[in-house]
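Residue numbers start at 1 and run along the sequence shown. Keep in mind that what you see is a predicted model, and the values were worked out from it rather than measured.
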Amino acid sequence: MSLTELWAQILWPLCKLIGLVSVGLFVGNLIEAMHWTRFMARLANPLTRIGRMCEISAASFSVAFVSGVTANTMLAEAYDQGKLSRRELILTNLFNSLPTYFLHLPSMIFITVPILKSAAVVYLGLTVGAALLRTVLILFIGRILLTGIDRCHAMDLPAEEKLVARQVLEKTWKRFRRRIKKIVMITAPIYVGVHFMNKFGMFTAVEHFLAEHMSAMSWLHPKAVGIIVFQLAAEFSAGMAAAGALLDAGSMSVRDVVIALIVGNVLSSPMRAFRHQFPYYAGIFKPKLALELIICSQGFRVASLIFCGAVYYWVS
C-alpha cells in the first residue's frame, strides 16, 4: 500500500472519525453535566403511582436521572431500614434502568452517530425501545404484585446540585479526557485492523467456514462475527469501530450491522455487567442481594433486546 492509499483509505477517514467523536463526546458530556435529564424526573410520581410503588421508589427513580449510584444507595438504605420490601427493591432497581439509560444517552448518540451514521439511529432506536418496553412491563408487574399503602414510607428527594459555568466545564473536561483516551485506544487499532482483515480476505474465509460448519447461524451475516468477537473480547466501542469500518467499506448493510450489534450486545452483557457492576453493587448492597439484582436486571435487559431485535429482523 502506497502512502497515498494509506492516507486516503485509513488515516484520513480515521482522523475524521476521531475528530467527530471527540466533538460529539465533549458536547454529550457537557449536556450530561448540565443535568439535561432532570426535567424528566417530573414524570416519576405519576409513573410510580401506576405501578403502585412507594414514594421511596419515586425518589430513587428521579435521582437515577442524575446518578445511578446515588439512586441505588437510597434503595439500599430504605431496604436496610425496613422501609422497602425485597420485592419492591428488585422492581424499583429494574424500573431505574430507564433513567440510567437516558443518563448516558447524549454521549452514546454523539459517539455512535459519527461511527455508524444511519445505522446508529436504528440501533439506538431499538435500545431505547427495549428500555421503554422494560419500563412498561415493570409498571404492569408492580401493579399486580405491589399492594397496600401501609407499606410505604415518605422520603424526600435530595436537593439539586447547583453548578456554576466553570464547574460544569471542569466536570465536562474531566469526563471527556477520561473517556476519549479509552475510546481512541480502542477505536483506532481496531478500525485499522478490520480494514486490513477485510482487505486480505479474512472475512471471506470466515464466510466460507460459516457456510460449511454453522448452518444454524445462517441468518447472521458472516462478517458480523468480527463485530461480535470484538464486543465480547473488548468493549462496546470496539464492536462499533469494527462495524464502522465494515460499513465504510460497503461490506455490510445497515440492517446486518444493527443485527450484529444487537447480538454482540446480548452475548457480552452478562460478563460485562458482572465485571463492571458487581464491584460497586456489592459495596452498596450485600453481595448476595447485589448478585440477585444484577442477574434480574441483565436477564430482563437481554430479553427485551432479543425481543426488539427479533421484531426488527423480521420486519426489515
Side-chain angles (χ1 to χ4, degrees), residues 13-41 43 64-68 96-135 168-169 171-188 190-191 227 230-231 234-248 252 254-266 268-269 272 276 301 304-305 308-309 312 316:
L14 189 57
C15 288
K16 289 194 298 182
L17 178 63
I18 292 176
L20 289 171
V21 169
S22 298
V23 173
L25 180 61
F26 184 84
V27 174
N29 281 320
L30 180 62
I31 293 174
E32 287 181 14
M34 294 173 67
H35 295 169
W36 75 286
T37 50
R38 184 168 285 274
F39 77 95
M40 296 186 68
L43 298 174
F65 278 101
V66 180
S67 171
N96 286 351
S97 66
L98 180 67
T100 301
Y101 177 88
F102 275 96
L103 178 63
H104 301 294
L105 186 59
S107 294
M108 288 182 63
I109 291 174
F110 287 112
I111 292 172
T112 56
V113 170
I115 298 176
L116 302 178
K117 302 175 180 65
S118 59
V121 178
V122 180
Y123 176 76
L124 291 175
L126 289 173
T127 57
V128 169
L132 293 174
L133 176 63
R134 293 194 297 273
T135 302
V168 170
L169 290 175
K171 188 175 183 180
T172 300
W173 180 245
K174 182 178 179 181
R175 288 180 177 178
F176 171 80
R177 286 188 303 171
R178 183 174 65 251
R179 294 182 183 180
I180 195 62
K181 289 179 182 178
K182 188 175 184 180
I183 289 172
V184 171
M185 289 178 65
I186 292 175
T187 301
I190 288 177
Y191 188 95
I227 298 174
F230 280 122
Q231 281 184 275
E235 297 291 337
F236 173 66
S237 55
M240 284 196 299
L246 292 170
L247 275 175
D248 290 343
M252 291 180 67
V254 168
R255 177 181 182 272
D256 291 330
V257 164
V258 170
I259 294 298
L261 289 171
I262 292 291
V263 172
N265 197 334
V266 167
S268 63
S269 287
R272 187 176 300 165
H276 294 295
R301 178 177 176 275
S304 65
L305 282 173
C308 291
Y312 173 72
S316 61

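- For Leu132, the side chain to side chain contact (heavy atoms under 4.5 Å, CB included) partners at least two apart in sequence or on another chain are Leu98, Val128.
- One finds the CD1 atom of Ile115 at 4.5 Å from the CE atom of Met240 (value rounded to the nearest 0.5 Å).
- Sequence neighbours left out, not one pair with a member in residues 99-113 passes salt bridge (charged side-chain N to carboxylate O under 4.0 Å, His left out).
- Among residues at least two apart or in separate chains, there is no salt bridge (charged side-chain N to carboxylate O under 4.0 Å, His left out) pair with a member in residues 103-115.
- When every heavy atom of Pro106 is checked against every heavy atom of Phe102, the shortest pair comes out as CD-O, 3.6 Å.
- Taking 4.5 Å as the limit, every side-chain heavy atom of Tyr123 sits out of range of all side-chain heavy atoms of Val257.
- Screening residues 102-113 for salt bridge (charged side-chain N to carboxylate O under 4.0 Å, His left out) gives no qualifying pairs among residues at least two apart or on separate chains.
- Looking at residues two or more places apart in sequence or on another chain, you find a side-chain hydrogen bond (donor to acceptor under 3.5 Å, both in side chains) between Ser304 and Arg134.
- Legend: residues meeting side-chain hydrogen bond (donor to acceptor under 3.5 Å, both in side chains) with Lys117, ordered by chain and number and at least two apart, are Asp248.
- Residues that satisfy the side-chain hydrogen bond (donor to acceptor under 3.5 Å, both in side chains) test with Ser118, not counting sequence neighbours, are absent from this structure.
- For Tyr101, the side-chain hydrogen bond (donor to acceptor under 3.5 Å, both in side chains) partners two or more places apart in sequence, or in a different chain, are Thr127.
- At least one side-chain heavy atom of Leu116 sits less than 4.5 Å from a side-chain heavy atom of Leu261.
- Looking at every heavy atom in both residues, Leu305 comes nearest to Ile262 through O-CG2, 4.0 Å.
- Heavy-atom minimum distance, Arg177 versus Lys181: O-CG, 3.2 Å.
- Under the side chain to side chain contact (heavy atoms under 4.5 Å, CB included) criterion, Val122 pairs with Leu126, Val254, Val258, Tyr312, not counting sequence neighbours.
- Pairing each heavy atom of Leu246 with each of Met252, the nearest pair is CD1-SD, 3.5 Å.
- Pairing each heavy atom of Pro99 with each of Ala64, the nearest pair is CG-CB, 3.6 Å.
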